[in-house]
Amino acid sequence: MKIGIDLGTANVLVYVKGKGVILTEPSVVAVSDDNRIVAVGEEAREMIGRTPGNIQAIRPMKDGVIADYVITEAMLRFFIAKATKGRIGFTRPEVMISVPAGVTSVEKRAVRDAALKAGAKEAYLIEEPLAAAIGANVPISGPSGNMVIDIGGGTSEIAVIALGGIVVSTSLRVGGNKFDESIATYIRKKYNLMVGERTAEEVKIGIGSALALDEPMQMEVKGRDMIAGLPRTIPITSGEVTEAIEAPLAQIITAVRNVLEQTPPELSSDIIDKGMVMTGGGSLLRNIDALLTQVTGIPCHVADNALNSVAVGTGLALEHFDQFRKSLVRGS
């Protein structure tokens with residue numbers, strides 16, 4: 001059995017050959033005082049910010065790499081068992097896992113070891129931008145250059161790919177979670193209202209936009225008043241959200257510009273012709289493609305399956321292993 005896993009900071013997606021993406025769950029694990037695992041995935045996410053004192057909801061992945069090894073291993077075991085419907089004892093699956101482009105060999109080994117301990121027969125690693133490109137149907141094997149911008153929960157990966165490999169890339173520890181944090185900070189400073197990370201994410205998805213909207217949108221936000229200490233509801237407009245996420249967006253724009261500056265001229269001309277492809281949950285933010293087109297002058301479009309691109313890419317890379325063998329991560 002072959003399984004592709006997009007092991008993300010915010011979500012874990014599991015792809016099974018012949019079935020597509022069968023599992024999309026938050027990468028959250030709820031742990032009790034005595035280190036017992038209480039819940040994994042969606043069930044654990046429901047507990048964030050709501051747990052009693054003896055239970056803690058933990059995100060074991062930070063900035064696209066493993067922050068808590070033991071819990072990541074338990075989380076992987078849970079997802080692999082769920083994907084194989086508990087048949088892991090009979091058939092240990094081959095697993096392909098995506099890692100950010102800039103990770104160290106120690107971080108790569110940690111991911112691989114965690115997968116093997118979680119029940120995989122063999123674990124291979126592929127860099128996220130490559131997996132995203134494969135999943136978004138970008139022809140990476142040819143000599144022509146392609147640019148992929150993958151904005152995930154914890155990291156943004158920007159890469160120029162040609163001949164099956166990454167020519168220039170940068171990995172930025174800014175992603176969807178940073179947008180949420182910026183929104184929560186903005187609301188706290190402007191309205192003295194404390195909101196949780198889930199509320200901030202709902203605001204981003206509900207009315208967030210990278211550019212000012214022609215017809216502004218509005219939304220009610222509930223939180224705790226920092227002065228009175230009581231619950232309070234305030235209205236927030238899309239214009240305020242655009243202002244709140246300006247800083248993390250500026251970091252992504254700078255990184256895109258840096259990659260374009262380092263790109264060899266032959267590949268630059270290919271990118272101008274084809275445009276840039278965006279994947280990852282962060283690319284679903286309204287008008288983020290229009291913003292990048294505006295600042296770089298290069299057409300930018302969001303892949304059809306932006307959320308699943310990396311997971312689909314990991315699965316396809318494993319299915320066509322011989323074709324992509326040279327693109328896989330070395331030293332693991």
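Residues: numbered from 1 along the sequence shown. Given the structure is predicted, the values throughout are model-derived calculations rather than measurements.
Of all non-hydrogen atoms in Lys274 and Gly145, the two that sit nearest each other are NZ-O, 3.3 Å. Between Val310 and Ala132, the closest heavy-atom pair is CG2-CB, 3.8 Å. For the residue pair Leu267 and Ser144, the shortest heavy atom distance occurs at CD2-C, 4.4 Å. Across all their heavy atoms, Gly229 and Arg224 have their closest contact at O-CG, 3.8 Å. A pairwise comparison of heavy atoms in Gly275 and Ile298 identifies CA-CG2, 3.9 Å as the closest pair. Residues Ile288 and Gly282 approach most closely at CD1-O, 4.0 Å, considering heavy atoms.
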Test side-chain contact (heavy atoms from CB on, under 4.5 Å) applied to Gln56 and Met47, step by step: CA-CA 8 Å; Gln56 216 183 343; Met47 299 180 179; over 6 Å; no
Test log, rule salt bridge (Lys or Arg N to Asp or Glu O under 4.0 Å), inputs Lys17 and Glu94: CA-CA 11 Å; Lys17 183 179 179 181; Glu94 285 180 66; over 6 Å; no
Test log, rule side chain to side chain donor-acceptor pair (under 3.5 Å), inputs Ser27 and Asn11: CA-CA 5 Å; Ser27 29; Asn11 295 296; 5.9 Å; no
Test side-chain contact (heavy atoms from CB on, under 4.5 Å) applied to Asp270 and Asn146, step by step: CA-CA 7 Å; Asp270 295 338; Asn146 293 284; over 6 Å; no
side-chain contact (heavy atoms from CB on, under 4.5 Å) between Ile3 and Tyr15, worked out: CA-CA 6 Å; Ile3 299 179; Tyr15 174 98; over 6 Å; no
side-chain contact (heavy atoms from CB on, under 4.5 Å) between Met226 and Arg188, worked out: CA-CA 8 Å; Met226 288 167 68; Arg188 191 175 73 235; 3.2 Å; yes
Step-by-step side chain to side chain donor-acceptor pair (under 3.5 Å) determination, Ser209 to Asn287: CA-CA 6 Å; Ser209 172; Asn287 295 325; 3.1 Å; yes
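With rounding to the nearest 0.5 angstrom, the OG1 atom of Thr279 is 8.5 Å from the CD1 atom of Ile151. With rounding to the nearest 0.5 Å, the separation of CD1 in Ile183 from OG1 in Thr199 is 11.0 Å. The CD1 atom of Ile271 lies 6.0 Å from the CG atom of Leu260; values are rounded to the nearest 0.5 Å. Ser98 contributes atom OG, which lies 9.0 Å from atom CD1 of Ile5 (distance to the nearest 0.5 angstrom). Between the OG1 atom of Thr237 and the CE atom of Met219 there is a distance of 12.0 Å, given to the nearest 0.5 Å. Distance OG/Ser238 to CD/Glu215: 10.0 Å, rounded to 0.5 Å.
Partners of Thr9 according to the side chain to side chain contact (heavy atoms under 4.5 Å, CB included) rule, which considers only residues two or more places apart in sequence or in another chain, are Asn177. Under the side chain to side chain donor-acceptor pair (under 3.5 Å) criterion, Asn258 pairs with no residue, sequence neighbours left out. Partners of Glu197 under the side chain to side chain donor-acceptor pair (under 3.5 Å) rule, at least two apart in sequence or in another chain, are Arg59.
Note on Arg45 versus Glu25: no salt bridge recorded, every NZ/NE/NH1/NH2 to OD/OE distance being 4.0 Å or above. Using a 4.0 Å cut-off between a side-chain N of Lys or Arg and a carboxylate O of Asp or Glu, Glu46 and Arg50 do not qualify as a salt bridge.
Checking Glu220 against Thr233 by side-chain atom types alone, no donor-acceptor pair falls below 3.5 Å. Side-chain contact of Tyr186 with Glu246: a donor-acceptor pair under 3.5 Å is absent, judged by distance alone.
Surrounding CG of Asp33 are more than 12 heavy atoms belonging to other residues, nucleotides or ligands, all under 6.0 Å away. Heavy-atom neighbours of Asp34 CG from other residues, nucleotides or ligands within 6.0 Å: above the threshold of 12. Other residues, nucleotides and ligands contribute over 12 non-hydrogen atoms within 6.0 Å of the CZ atom of Arg198.
Counting only heavy atoms from C-beta outward, the side chains of Ile187 and Ile236 approach each other to under 4.5 Å. Annotation: side chain of Pro26 is in contact with side chain of Glu42 (closest heavy-atom distance under 4.5 Å). Considering only heavy atoms from C-beta on, Leu285 comes within 4.5 Å of Leu249 through its side chain. For the pair Thr296 and Val256, the minimum side-chain heavy-atom distance is below 4.5 Å. Inter-residue side-chain proximity for Val195 and Lys222 is flagged as unmet; no heavy-atom pair is nearer than 4.5 Å. Under the 4.5 Å side-chain criterion, counting only non-hydrogen atoms from C-beta, Pro264 is in contact with Val167. By the 4.5 Å heavy-atom criterion applied to side chains, Val277 and His301 are counted as neighbours. Between Pro100 and Val103, some side-chain heavy-atom pair lies under the 4.5 Å cut-off.
Hydrophobic clustering (side-chain heavy atoms under 4.5 Å, transitive across Ile, Leu, Val, Met, Phe, Trp, Tyr) groups Val295 together with Val160. Both Leu291 and Ile245 belong to a single network of hydrophobic side chains, linked directly or stepwise wherever heavy atoms of I, L, V, M, F, W or Y lie under 4.5 Å apart. Hydrophobic clustering places Phe179 together with Ile149 (ILVMFWY residues linked when any side-chain heavy atoms are closer than 4.5 Å, directly or through intermediates). Note: the hydrophobic cluster containing Ile97 also contains Val40 (ILVMFWY, side chain heavy atoms under 4.5 Å, direct or indirect links). Residue Leu7 is grouped with residue Val16 when hydrophobic side chains (ILVMFWY) are merged at heavy-atom distances under 4.5 angstrom, including chains of intermediate members.
When atom types are taken as modelled, the side chain of Arg77 and the backbone of Lys117 share a donor-acceptor pair closer than 3.5 angstrom. In this structure a side-chain-to-backbone donor-acceptor pair under 3.5 Å is present from Asp68 to Ile71. Within the 3.5 Å criterion, the main-chain N or O of Val259 finds a donor-acceptor partner in the side chain of Thr263. Side-chain atoms of Asp180 do not come within 3.5 Å of backbone N or O of Lys204 as any donor-acceptor pair. With hydrogens and angles disregarded, no donor-acceptor distance shorter than 3.5 Å links the side chain of Thr242 to the backbone of Ala212. Distance alone, capped at 3.5 Å, places no donor-acceptor pair between the Ser32 side chain and the Ile55 backbone.
Partner of Met75 under the side-chain contact (heavy atoms from CB on, under 4.5 Å) criterion, chosen from Ile58, Val29, Ile80: Val29. Just one residue in the list Lys2, Arg112, Arg92 forms a salt bridge (charged side-chain N to carboxylate O under 4.0 Å, His left out) with Glu122, and that residue is Arg112. Among the candidates Val111, Ile66, Val12, the single residue satisfying the side-chain contact (heavy atoms from CB on, under 4.5 Å) test with Thr72 is Ile66. With Leu316 as reference, Val312 is the one residue of Leu318, Val312, Thr314 to meet the side-chain contact (heavy atoms from CB on, under 4.5 Å) rule.
Between Tyr124 and Phe321, the ring centre distance stays below 6.0 Å.
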